[in-house]
K.L.:
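Can you keep this structure in mind? I'll have questions shortly.
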Amino acid sequence: MRGPARFAFGMLAFGYAFLYLPIALVIVYSFNESRLVTVWSGFSLKWWHALFANEAMLQAAWLSLRIALVSATGAALLGLAAGYALARAPRFPGRTLFGSLVIAPMVMPEVVMGISMLLLFVGSERLFGGPDRGFLTIAIAHTTFSIAFVAIVVQARLSDFDRALEEAAMDLGATPWVTFRTITLPLIAPAVGSGWLLAFTLSLDDLILTQFVAGAQSQTLPMRVYSSVRLGVDPQINVLATIIVTVAACALILSGWLTRRPRG
């Protein structure tokens with residue numbers, strides 16, 4: 001068994017190296033002195049200073065951050081409701097269709113979602129005069145895409161939830177709303193927080209869906225980076241990638257910690 005085990009370990013190591021070594025090189029070259037992104041000429045922080053002096057990039061980053069905060073909050077609220085309905089209402093008319101619609105954004109190609117969202121907003125603009133494509137349309141699209149991730153996390157947390165706690169509260173005279181607010185919600189809060197972080201991360205780096213629903217004056221950070229890379233890789237992109245990787249990694253680590261947090 002040593003031969004197969006070594007082969008499996010070697011393939012696993014190769015796979016991880018193939019995935020993460022380029023990311024590690026991007027982080028290293030963000031501290032490169034040279035303007036050439038493939039030539040190391042010494043340690044320097046000048047590209048970090050250049051990035052924080054780049055007004056266009058900072059404005060795009062601030063727009064992406066605001067959209068991510070709004071869409072993650074909306075997805076957390078709607079995903080909480082959807083996950084609660086799927087976990088606590090096993091039978092109701094249209095449950096199969098409802099569950100399929102909740103999960104659909106996870107398996108549907110983003111190009112298809114982008115085209116459908118674009119047609120929706122164009123039709124809405126013609127019929128009702130709005131909303132204009134920009135911050136609001138991007139936030140709606142990201143919220144729609146992220147609801148599925150929150151709903152699945154909440155549903156999984158509620159599937160092994162000890163309902164005796166809720167029953168005891170209602171036996172003592174608590175209404176269903178009071179029971180949910182004081183018993184259920186605090187216990188599933190780590191799952192909701194984990195879903196919020198996942199939605200925030202997905203919104204922050206989305207490109208394909210955003211390109212369909214963004215207006216001419218709404219250029220998010222991924223769109224700005226993509227337009228810059230097409231003209232040649234600027235060393236500032238390495239710095240930006242390092243920041244995004246750090247933020248995403250911290251969010252995912254915190255999400256995993258919240259999900260595995262012992263229930264009080």
Side-chain angles (χ1 to χ4, degrees), residues 19 23 56-83 86 97-155 194-231 233 237 240-241 243-245 247-248 251-252 255:
L19 289 173
I23 298 176
M57 194 71 74
L58 292 178
Q59 289 178 0
W62 175 237
L63 176 62
S64 292
L65 182 61
R66 289 188 291 130
I67 292 173
L69 290 172
V70 172
S71 62
T73 303
L77 295 175
L78 296 175
L80 171 61
L86 291 173
L97 177 61
F98 177 74
S100 300
L101 292 177
V102 170
I103 304 301
M106 295 185 64
V107 297
M108 188 179 299
E110 285 194 63
V111 173
V112 177
M113 286 194 61
I115 294 174
S116 63
M117 286 285 182
L118 176 61
L119 294 176
L120 172 65
F121 292 134
V122 170
S124 176
E125 188 173 355
R126 290 178 178 178
L127 292 175
F128 307 108
D132 296 330
R133 277 177 286 169
F135 177 90
L136 181 58
T137 57
I138 299 174
I140 293 173
H142 287 189
T143 300
T144 304
F145 174 73
S146 303
I147 288 174
F149 297 89
V150 181
I152 287 179
V153 174
V154 172
Q155 184 182 6
S194 176
W196 187 94
L197 289 170
L198 288 174
F200 179 85
T201 304
L202 291 169
S203 174
L204 194 62
D205 67 351
D206 183 82
L207 174 63
I208 299 176
L209 182 60
T210 305
Q211 286 183 318
F212 283 95
V213 299
Q217 303 299 324
S218 301
Q219 191 174 45
T220 62
L221 185 59
M223 295 174 64
R224 183 75 184 182
V225 171
Y226 180 71
S227 62
S228 300
V229 170
R230 287 188 300 174
L231 303 176
V233 180
I237 303 301
L240 185 61
I243 297 174
I244 293 176
V245 168
V247 172
L252 291 175
S255 173

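It should be emphasised that the depicted structure is a prediction, and the values quoted were computed from it without experimental measurement.
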K.L.:
Any side-chain heavy atom of M113 within less than 4.5 Å of one from P105?
P.N.:
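Result yes, sub-4.5 Å side-chain heavy-atom pair found.
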
K.L.:
Under 4.5 Å between any side-chain heavy atoms of T144 and M117, yes or no?
P.N.:
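They are in side-chain contact.
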
K.L.:
V70 versus F135: any side-chain heavy-atom pair under 4.5 Å?
P.N.:
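A side-chain contact under 4.5 Å exists here.
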
K.L.:
For a 4.5 angstrom cut-off between non-hydrogen side-chain atoms, does P109 reach V112?
P.N.:
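A side-chain contact exists here, since the closest heavy-atom pair is under 4.5 Å.
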
K.L.:
Assess the residue pair I138 and R133 against the criterion (side chain to side chain contact (heavy atoms under 4.5 Å, CB included)); give the C-alpha distance rounded to whole Å, side-chain angles, the decisive distance to 0.1 Å, and a yes or no.
P.N.:
CA-CA 8 Å; I138 299 174; R133 277 177 286 169; over 6 Å; no

K.L.:
To the nearest 0.5 Å, how far apart are CZ in R224 and CG in L63?
P.N.:
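One finds 12.0 Å between CZ of R224 and CG of L63.
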
K.L.:
On a heavy-atom basis, which atom in M57 and which in L240 lie closest, and how many Å separate them?
P.N.:
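Smallest interatomic distance, heavy atoms only, reads SD-CD2, 3.8 Å.
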
K.L.:
Which atom pair, heavy atoms only, marks the closest approach of A60 to Q219?
P.N.:
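Result for this residue pair: CB-O, 3.4 Å.
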
K.L.:
Spell out, as yes or no, whether a donor-acceptor pair under 3.5 Å connects the side chain of S218 to the backbone of A214.
P.N.:
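Checked: no pair found.
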
K.L.:
Just by modelled atom types, is the H142 backbone N or O under 3.5 Å from a matching donor or acceptor in the S146 side chain?
P.N.:
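Pair found, side chain donor or acceptor close to backbone of H142.
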
K.L.:
Side chains of W62 and L221: closer than 4.5 Å at any heavy-atom pair?
P.N.:
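Counting from C-beta outward, W62 and L221 never come under 4.5 Å.
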
K.L.:
If we ignore hydrogens and angles and just use 3.5 Å, is the side chain of S64 paired with the main-chain N or O of T220 as donor and acceptor?
P.N.:
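Flag not set: sc S64 to bb T220 has no pair under 3.5 Å.
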
K.L.:
Is it the case that S203 and S71 place a side-chain donor and acceptor less than 3.5 Å from each other?
P.N.:
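Side-chain D/A pair, S203 to S71: present.
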
K.L.:
Hey, what do you get for CG (L202) to CE (M106), rounding to the nearest 0.5 Å?
P.N.:
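The CG atom of L202 sits 9.0 Å away from the CE atom of M106.
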
K.L.:
Before you tell me yes or no, could you show the steps for F149 and V154 under side chain to side chain contact (heavy atoms under 4.5 Å, CB included), namely the whole-Å CA-CA distance, both residues' side-chain angles and the distance that decides it to 0.1 Å?
P.N.:
CA-CA 9 Å; F149 297 89; V154 172; over 6 Å; no

K.L.:
To the nearest 0.5 Å, what is the distance between CD1 (I67) and CD1 (I140)?
P.N.:
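Reported to 0.5 Å precision, the distance equals 11.5 Å.
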
K.L.:
Assess the residue pair F98 and L86 against the criterion (side chain to side chain contact (heavy atoms under 4.5 Å, CB included)); give the C-alpha distance rounded to whole Å, side-chain angles, the decisive distance to 0.1 Å, and a yes or no.
P.N.:
CA-CA 9 Å; F98 177 74; L86 291 173; 3.6 Å; yes

K.L.:
Is there side-chain contact between E110 and F212, with at least one heavy-atom pair below 4.5 Å?
P.N.:
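When only atoms from C-beta onward are counted, F212 and E110 do not touch, as no gap falls below 4.5 Å.
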
K.L.:
Please report the interatomic distance CZ(F145) to OG1(T210), rounded to the nearest 0.5 Å.
P.N.:
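Result: 10.0 Å between the selected atoms.
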
K.L.:
Identify the heavy atoms of A199 and V150 that sit nearest to each other, and give their distance.
P.N.:
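Nearest heavy atoms, A199 then V150: CB-CG2, 4.4 Å.
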
K.L.:
Distance from D206 atom CG to M223 atom CE, nearest 0.5 Å?
P.N.:
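Output value for this atom pair is 10.5 Å.
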
K.L.:
Please examine the side chains of L69 and W196, heavy atoms only from C-beta on, and report whether any two atoms are closer than 4.5 Å.
P.N.:
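When only atoms from C-beta onward are counted, L69 and W196 do touch, with a gap below 4.5 Å.
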
K.L.:
Any heavy-atom pair between the side chains of F121 and D132 that's under 4.5 Å?
P.N.:
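Sidechains of F121 and D132: no contact.
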
K.L.:
Within the distance-only criterion (no hydrogens, no angle test), does the side chain of T137 pair as donor or acceptor with the backbone N or O of V213 below 3.5 angstrom?
P.N.:
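Yes; judged by distance alone, with no hydrogens or angles, the pair exists.
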
K.L.:
Roughly how far, to the nearest 0.5 Å, is CD of Q155 from CG of L80?
P.N.:
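Interatomic distance, L80 CG to Q155 CD, rounded to 0.5 Å: 12.5 Å.
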
